[in-house]
There are 2 protein chains.
Amino acid sequence: MLFRPNPSSGVPIYLQLMEQVKHSIETGALRPGEQLPGIRPLAEELVINPNTVAKAYRELEHEGVIELRHGAGAFVSGSARAKKETDAMKAGQTAVAATIERLRARGLSDEEIRRLFEAELAGHSALPKTGGHRD
Amino acid sequence: MLFRPNPSSGVPIYLQLMEQVKHSIETGALRPGEQLPGIRPLAEELVINPNTVAKAYRELEHEGVIELRHGAGAFVSGSARAKKETDAMKAGQTAVAATIERLRARGLSDEEIRRLFEAELAGHSALPKTGGHRD
DNA sequence: CCAACTGTATTACTGAACTAGCACAGTAGG
DNA sequence: CCTACTGTGCTAGTTCAGTAATACAGTTGG
């Protein structure tokens with residue numbers, strides 16, 4: 001579970017943590033029913049705010065990945081990523097819709113927008129927007 | 001040129017104005033070399049801040065759509081949308097890259113991301129997120 | 001019950017995007 | 001030159017997402 005959240009990567013810490021938890025479930029490092037680290041201990045280990053962990057957990061619960069029990073702890077959900085296509089996709093669609101709306105407002109045609117997305121999805125270029133350079 | 005900027009549409013006013021100018025050029029309502037309305041008069045007519053018009057003009061100049069001449073006015077650029085694929089596309093690509101980065105951080109696969117975009121690009125209507133109507 | 005854990009809720013701080021107010025600088029015509 | 005236009009620049013206020021600080025509430029084991 002130990003990983004280093006990168007605050008300057010442009011990707012919010014809570015999203016990085018969510019992805020990490022999902023990945024751990026995928027690889028079997030965390031199994032259904034297993035208890036996750038508490039909010040406070042994990043926050044201390046990652047040197048981030050407990051509230052940030054809480055937000056990640058809350059979102060993960062909302063996606064059906066984990067289950068939160070007040071006072072008891074956080075546990076990997078039974079069917080884990082079965083619900084992935086329900087909430088994560090739904091949240092994603094909102095973001096996608098907003099982005100497309102803006103591109104259209106800038107005068108780009110749907111064809112051009114599609115080309116941009118294909119280009120980005122094709123080459124994992126990993127834009128060096130903040131943290132740094134590739135060398 | 002008269003249009004009604006919608007402040008509650010989620011799309012920034014300066015982007016709406018930019019699109020409007022581009023559209024006027026496309027339809028021939030504004031022709032190459034022709035002078036655009038001044039920043040202040042236009043702002044007053046649209047009941048928005050002159051600075052917002054100025055920002056739209058500045059962006060349009062940066063995209064090569066119009067040409068600004070200090071003290072003289074704003075004029076439709078000669079080759080107008082010839083440079084569209086240079087700057088607008090470039091700005092768009094940044095937005096697209098950021099969105100995709102976030103979707104990936106949420107654990108969505110490239111295939112799923114692609115599906116979301118296709119769905120949005122296909123069905124124009126979709127989510128009534130804010131203003132709802134257009135008339 | 002009670003103490004030490006667990007997650008929850010409220011509020012505040014920060015940075016970025018957008019809009020606005022107002023002072024500054026260049027241009028054209030008298 | 002001078003006035004009335006034009007665009008430009010700087011600063012402030014608003015909103016929102018993300019993060020943080022702190023107080024609250026439920027659970028478990030003694």
Side-chain angles (χ1 to χ4, degrees), chain A residues 5-19 21 34-62 65-77 91 94-95 98-99 101-102 105-106 129-131, chain B residues 5-19 21 34-62 65-77 91 94-95 98-99 101-102 105-106 129-131:
Chain A
N6 185 350
S8 58
S9 73
V11 180
I13 296 175
Y14 80 96
L15 279 181
Q16 294 181 43
L17 179 53
M18 284 174 66
E19 212 288 327
V21 170
E34 187 172 353
Q35 180 165 10
L36 281 79
I39 286 180
R40 277 187 185 257
L42 180 55
E44 188 162 350
E45 183 178 329
L46 301 180
V47 200
I48 60 180
N49 195 285
N51 217 319
T52 303
V53 178
K55 177 162 189 174
Y57 277 17
R58 202 179 319 132
E59 288 279 306
L60 284 170
E61 185 192 34
H62 186 239
V65 177
I66 69 176
E67 186 177 342
L68 292 176
R69 288 157 66 176
H70 198 164
F75 303 86
V76 177
S77 189
T94 302
T99 301
E101 186 69 12
R102 281 174 88 96
R106 282 199 123 101
K129 67 165 73 163
T130 38
Chain B
N6 184 350
S8 58
S9 74
V11 179
I13 297 176
Y14 79 96
L15 279 182
Q16 295 181 43
L17 179 54
M18 283 174 67
E19 212 287 326
V21 171
E34 186 172 354
Q35 181 165 9
L36 282 77
I39 287 180
R40 279 193 183 250
L42 181 54
E44 188 161 351
E45 180 178 331
L46 302 181
V47 199
I48 60 182
N49 196 284
N51 216 320
T52 303
V53 177
K55 177 163 189 175
Y57 277 18
R58 203 180 317 129
E59 289 279 307
L60 285 170
E61 184 191 35
H62 186 238
V65 176
I66 68 176
E67 188 177 340
L68 292 177
R69 287 158 67 176
H70 198 165
F75 304 85
V76 177
S77 189
T94 302
T99 300
E101 187 69 13
R102 280 172 89 96
R106 283 198 124 103
K129 67 166 73 165
T130 39

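Each chain gets a letter, A, B and so on, in the order its sequence line appears, and its residues count up from 1. As the structure is a prediction and not an experimental result, all values here were calculated from the model.
- Comparing dA20(D), dT6(D), dT19(C) by their nearest atom to the side chain of Pro12(B) picks out dT19(C).
- When all heavy atoms of Gly73(B) and Gln35(B) are compared, the closest pair comes out as CA-NE2, 3.8 Å.
- Distance, Arg69(A) CZ to dC5(C) C1': 15 Å, rounded to whole Å.
- An OP1 or OP2 oxygen of dA21(D) is reached within less than 4.0 angstrom by a side-chain nitrogen or oxygen of Asn49(A).
- A close approach under 4.0 Å does not occur between any side-chain nitrogen or oxygen of Thr52(A) and OP1 or OP2 of dG18(D).
- Remark: Tyr14(B) is in phosphate contact with dC18(C), judged by side-chain N or O atoms under 4.0 Å from OP1 or OP2.
- If you take NZ of Lys55(A) and P of dT8(C), they are 14 Å apart, rounded to a whole angstrom.
- Atom pair Glu67(B):CD and dT6(D):P shows a separation of 18 Å (rounding to whole Å applied).
- Protein atom CD1 of Ile39(B) is 15 Å distant from nucleotide atom C1' of dT19(C), rounded to whole Å.
- The closest side-chain heavy-atom distance from Leu46(A) to Leu17(A) is below 4.5 Å.
- Between the P atom of dA17(C) and the CD atom of Glu59(B) lies a distance of 12 Å, rounded to the nearest Å.
- The separation between His70(A) atom NE2 and dA25(D) atom P is 9 Å, rounded to whole Å.
- Rounding to whole angstrom units, CD of residue Glu44(A) and C1' of dT19(D) are separated by 18 Å.
- With contacts defined as side-chain heavy-atom distances shorter than 4.5 Å, the pair Val21(A)/Met18(A) does not qualify.
- Put simply, Arg102(A) has no side-chain N or O that comes within less than 4.0 Å of OP1 or OP2 on dA17(C).
- Comparing Val47(A) and Ala72(B) against DNA chain D, the residue whose closest nucleotide sits nearer the 5' end is Ala72(B).
- When all heavy atoms of Leu68(B) and Glu61(B) are compared, the closest pair comes out as N-OE2, 3.3 Å.
- In this structure, the CZ atom of Arg40(B) is 16 Å from the P atom of dA25(C), given to the nearest Å.
- Of the two residues near DNA chain C, Gly71(B) and Asn51(A), the one whose nearest nucleotide lies more 5' is Asn51(A).
- Proximity of a side-chain donor or acceptor of Gln16(B) to a complementary backbone N or O of Val11(B) within less than 3.5 Å is detected.
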